[in-house]
Amino acid sequence: MSAIPMVTKHGPKTFHVTETVRGGQVVEARTGGKIGVAAADSDLVLGVSIGDAAPPASGESSDAFGNPIVSAVAVPEYTGVVYGGIEVKCVFAAAATFGEAVVSAGDGKVKPAGATPTGRILGYVTEPAGVSAADKSGLVRTL
């Protein structure tokens, strides 16, 4: 039997972004092999971003008032995405119970998948007490 090279066993895997992505946001596949913040109930969810990233600057050298745009630290155009059994903190769009499946809620958040999920299941709530309300953070184990 011939051998094949293993490319990635589990995340993170680095991707180029098409829009500003913050660490902890749910991301989805976009055209050209790039990623962006996942839409609600997305079937293209890849995982959770572990860092902030933004596409290249527009080339503008001054703001609307004519002041020079200066940045002490360059913003990366790439971010790592975790998946494959890695536990991360996510922001929830609604309350969720321990062990419940979650999907993308849009805006980089997650929500309970419900009995008949729409969109790709991202993972399961592993926050022992669950998540009590919207806009609270809790642990999710990714698939």
Side-chain angles (χ1 to χ4, degrees), residues 1-60 63-65 67-143:
M1 173 184 249
S2 63
I4 59 169
M6 181 171 50
V7 177
T8 306
K9 183 175 180 180
H10 54 77
K13 183 169 178 137
T14 303
F15 294 96
H16 196 219
V17 298
T18 60
E19 64 183 320
T20 300
V21 173
R22 303 288 233 158
Q25 287 187 308
V26 178
V27 294
E28 67 183 358
R30 300 281 174 85
T31 58
K34 297 182 179 185
I35 62 165
V37 177
D41 301 316
S42 173
D43 286 323
L44 303 174
V45 167
L46 293 175
V48 178
S49 170
I50 59 170
D52 297 345
S58 65
E60 295 291 327
D63 65 17
F65 303 104
N67 301 314
I69 297 173
V70 181
S71 178
V73 178
V75 177
E77 297 175 37
Y78 295 84
T79 185
V81 175
V82 294
Y83 55 89
I86 297 176
E87 193 173 44
V88 292
K89 284 255 186 201
C90 292
V91 176
F92 284 71
T97 59
F98 180 57
E100 193 167 13
V102 293
V103 295
S104 175
D107 294 331
K109 298 178 183 179
V110 296
K111 66 180 181 181
T116 53
T118 55
R120 182 177 292 165
I121 293 177
L122 171 68
Y124 298 94
V125 178
T126 53
E127 188 68 43
V131 177
S132 62
D135 296 321
K136 300 279 186 182
S137 293
L139 293 172
V140 171
R141 182 178 169 103
T142 60
L143 295 180

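The figures here come from the full heavy-atom set of this structure, side chains too, leaving out hydrogens, waters and symmetry mates.
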Determine the sole option in V81, V48, V17, L44 for which the side chain to side chain contact (heavy atoms under 4.5 Å, CB included) test with V27 is passed.
-> V81
Side chain proximity check, T118 to V103, heavy atoms < 4.5 angstrom | no
How many angstroms lie between CD in Q25 and CG in D107, if you round to the nearest 0.5 Å?
-> 8.0 Å
Criterion side chain to side chain donor-acceptor pair (under 3.5 Å) on T79 and S49, from CA distance to verdict | CA-CA 6 Å; T79 185; S49 170; 3.1 Å; yes
Are any non-hydrogen side-chain atoms of Y124 and L143 less than 4.5 angstrom apart?
-> yes
When rounded to the nearest 0.5 angstrom, what is the spacing between NZ in K13 and OH in Y78?
-> 13.0 Å
Could you walk me through whether Y83 and V45 pass side-chain contact (heavy atoms from CB on, under 4.5 Å), step by step?
-> CA-CA 10 Å; Y83 55 89; V45 167; over 6 Å; no
Would a 4.5 Å heavy-atom cut-off, applied to side chains only, mark K89 and L139 as touching?
-> yes
Taking all atoms of both residues into account, what is the closest heavy-atom pair of P112 and E100, and its distance?
-> CB-OE2, 3.2 Å
Please examine the side chains of S137 and V91, heavy atoms only from C-beta on, and report whether any two atoms are closer than 4.5 Å.
-> yes
Closest non-hydrogen atom pair, E19 against V37 = OE2-N, 2.8 Å
Sub-4.5 Å side-chain heavy-atom contact between I35 and L46 = yes
Might you point out which heavy atoms bring T142 and V82 nearest each other, and give the distance in Å?
-> CG2-O, 4.2 Å
Shortest non-hydrogen contact from F15 toward G33 = CD2-O, 4.0 Å
Point-to-point distance, once rounded to the nearest 0.5 Å, from CZ of F92 to NZ of K111 = 13.0 Å
Taking only Lys NZ, Arg NE, NH1 and NH2, and the carboxylate oxygens of Asp or Glu, determine whether R22 and D52 approach each other closer than 4.0 Å.
-> yes
Shortest non-hydrogen contact between V26 and K109, atoms and distance | CG2-O, 3.9 Å
Check P55 against T20 and note the closest heavy-atom contact, atom names and distance.
-> CD-N, 3.8 Å
Does CZ belonging to R141 count more than 12 external heavy atoms closer than 6.0 Å?
-> no
